[in-house]
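Side chains are part of it too, since the values below use all heavy atoms of this structure and drop only hydrogens, waters and symmetry mates. In the text below, chain A, chain B and the rest are named by the order of the sequence lines, each starting its count at 1.
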Protein chains: 2
Amino acid sequence: MSTNIPYKIYLEESELPQSWYNLRADMKNKPAPLLNPGTHEPMTAEELSPVFCEELVRQELDDTTQYFKIPDEIVSFYKMYRPSPLVRAYCLEEKLQTPAKIYYKFEGNNTSGSHKLNSAIAQAYYAKKQGLKGVTTETGAGQWGTALSMACSYFDLDCKVFMVKVSYEQKPFRREVMRTYGASVTPSPSETTNIGKKILAEHPGTTGSLGCAISEAVEVATSTEGYRYVLGSVLNQVLLHQSVIGLETKSALDKYGIKPDIIIGCAGGGSNLGGLISPFMGEKLRGEADYRIIAVEPVSCPSFTRGTFAYDFCDTGMVCPLAKMYTLGSGYIPAPNHAGGLRYHGMSSTLSQLYADGLMEAVSVPQTEVFKAAEEFARIEGILPAPESSHAIKVALDEAKKCKETGEEKTIVFGLTGTGYFDMVAYEKFHNGEMDDYVPTDEEIAASVAKLPKI
Amino acid sequence: MSTNIPYKIYLEESELPQSWYNLRADMKNKPAPLLNPGTHEPMTAEELSPVFCEELVRQELDDTTQYFKIPDEIVSFYKMYRPSPLVRAYCLEEKLQTPAKIYYKFEGNNTSGSHKLNSAIAQAYYAKKQGLKGVTTETGAGQWGTALSMACSYFDLDCKVFMVKVSYEQKPFRREVMRTYGASVTPSPSETTNIGKKILAEHPGTTGSLGCAISEAVEVATSTEGYRYVLGSVLNQVLLHQSVIGLETKSALDKYGIKPDIIIGCAGGGSNLGGLISPFMGEKLRGEADYRIIAVEPVSCPSFTRGTFAYDFCDTGMVCPLAKMYTLGSGYIPAPNHAGGLRYHGMSSTLSQLYADGLMEAVSVPQTEVFKAAEEFARIEGILPAPESSHAIKVALDEAKKCKETGEEKTIVFGLTGTGYFDMVAYEKFHNGEMDDYVPTDEEIAASVAKLPKI
């Protein structure tokens, strides 16, 4: 065991990144623009501004500016929970008897329990700066809703969260955390919006979906004076804010002269993975270094590994702009999987372009294997991981075990995006042997993809 | 806002304490010894060793050795989650517009969610070193059981937890975390012990109590080859291990030349408070410095503020040794209070002696005030606190507000012992206005205290 590198590398507060890095600036093949769902023309700032704050629209559309200065107010907030630790997994290495060196960037040490807070605070800040009264959003598993509630509470902004009804009922504790931070939480579909009423009339007794919750949140934002809609993943602006994860990781590694061989992250909409890999991918794009970069997704929702690279709706309700991305079709309903944050039919346009250009790999893994890895990790490293994060753990363990076989001393870095304290129902199912691994058939995926819009 | 002191003071791993500090060594009036419940003579090492590990018995009885070296294996484990941050509550100070300087030592950034892990890992280590197969314990709210499960998992020890039945049923997530770490969790009273069977026969349908769970855990430990019983609070050995909290706090303050005026901690059995204050109280005992030290307890379980300083049983079942302490009587049943960790009829003998000698103060606070303070703190500082920890927050806020009135720039340090992620039922009751503040009558307390053993 090396004694030079500490168990946890904490950067000083003075080493906190002062700018976000915009990966798109270094991409030769830029991610395709969002299209207006009516005209199929690229969305303009004017068209986006009724939905998003002005500054966030600017960030969304800018693919040439390399760095955006992080406003002082956001840096101050970051200091309450950042820099987050880069942990050397000495105990795990010893237990696995692997020559690999394993590091993980841990984003779970804040009350939202995940990396989502990095973008939530930025989006709340710009809303406040624009003089808005509040923001609306949707939440499924609840991590994003919790993060946004915390951010809005800090800036004294109203926060209206539409929570998928089934989650609202099954995850009362998540709901209660949001209420503690002063957010109003409405089960979706609800009688408070036109789209909600319409859906309830057509499907009485429905337990809701993320697509429906998005539609309700957008409706309230665009029809209420002083409100805008905010989103926790997929968008370019979110990846920009999440670059703070990768920048800190790179600074911490550089400080100790460590060069990773493999970088691994879970991928739902791409917010964590895009943030973690950004400075490394930047070096790769500029020809300064090379890394293996691996996205991990569930076999039940395999956008990268079995989806199609095409324009599609970002939401099931088909009210949002079209994005070019790896998608299973906006009507694809993933089988129940306990990593709610990874149950999204599409993928960030930026990551999709990088994957299409062969700059990163992707693998899909079954959830029982993921929970096995989660439990192994928890027992050795102490941290109880979120099911989403555990997808990255599973592949990191696999790679470390390969190193044991080959004797290679590879340096593996993975993103540990959050904690699983609100996911104990899933762990219970796993312990009781009640968890299954549904793999969609080719026919199912083909049928869903066949309904992609014709662009 | 001073820019010299960071938001979070993280000591280097090399600055982690290498020894625990034994406060008793510096006490002129030593805490009274444990007594054999049959003979009323001081318990000997021989009498204690069927229940506790040998090294822990030694630590329990030693009131003269000032420092105990922390074994390397424990230091290694500590490095996974320690040093814990000492946080400067800049945001809170600004919001309160107080000239006070507020610091809190945050012990919640580990999966057990509290400081309990500091002693759990030590007790598991000594059990392993002695060649034992496993340990038994009881848990109420579940923090101690979770911490012990993690510690046993790390050292590959069996861990049998008796969980008060009502908690077992109402807190299935806590139970599931323990199972994730490989512990067996039995609702108490159970059919697996003689005492459990007896209680079930006498009180069919009982939902259990901490006292009963202790009795079951002790029975299994003393009747099973290779097992011992471990306890998460009250005992001298636990305060010794928890001194790591105070030692780190003092090092961090010294590093920046900060001298606290007031030190505040919540008090149930005394594990956190005793640990936090130890080096400061040591200076006070040696005449090197002076500090105001405040213990905070719930009005529903006011051991310090309304109890009697006398010998009493540590458990309701009256099988454990007698300890001299501030007590409400071992038969006292506190009204339901959501700070389960503070619902103990007695108090650490060490802290009791210090309180009797006028070296510290104590106050009791109603739980609705505590939850108001908790929510205020969460919204400003981001961290969702445990109900137990929030007792200290409440009094820290009160003291900071007093400074605003008087203009005094006092430095306040309080212990933030843990997070409230598994306490959302309590927060929900608070939000819904369903929480009450039962204050026991003088008659109730007198009736309970009247049954103290005659020593």
Measure the spacing between [atom1] of [X] and [atom2] of [Y] and express it to the nearest 0.5 Å.
| X | Y | atom1 | atom2 | result |
| --- | --- | --- | --- | --- |
| B:Ser76 | A:Tyr7 | OG | OH | 3.5 Å |
| B:Met80 | A:Leu92 | CE | CG | 10.0 Å |
| B:Phe173 | A:Glu428 | CZ | CD | 7.5 Å |
| A:Phe377 | B:Thr180 | CZ | OG1 | 13.5 Å |
| A:Met424 | B:Arg174 | CE | CZ | 10.0 Å |
| A:Arg379 | B:Ser149 | CZ | OG | 10.0 Å |

Need one label for [X]: side chain, backbone, both or neither, based on atoms under 4.5 Å from any heavy atom in chain A.
| X | result |
| --- | --- |
| B:Asn110 | backbone |
| B:Val425 | both |
| B:Tyr181 | both |
| B:Ile380 | backbone |
| B:Thr419 | neither |

A:Lys8 side-chain N/O to B:Arg82 backbone N/O, donor-acceptor pair under 3.5 Å: yes
Options A:Glu375, A:Lys95, A:Glu12, ranked by heavy-atom pairs under 4.5 Å with chain B, top entry: A:Glu375
Over 12 foreign heavy atoms within 6.0 Å of NZ, B:Lys129: no
Whether over 12 other heavy atoms sit under 6.0 Å from A:Lys429 NZ: no
Closest non-hydrogen atom pair between A:Leu384 and B:Thr111, with its separation: N-OG1, 2.8 Å
When B:Met150, B:Arg179, B:Glu381 are compared by non-hydrogen pairs under 4.5 Å with chain A, the top option: B:Arg179
Side chain, backbone, both or neither of A:Arg175 within contact of chain B (heavy atoms, under 4.5 Å): side chain
Parallel, tilted or perpendicular, as decided by the 30° and 60° cut-offs, for the rings of B:Phe422 and A:Tyr421: perpendicular
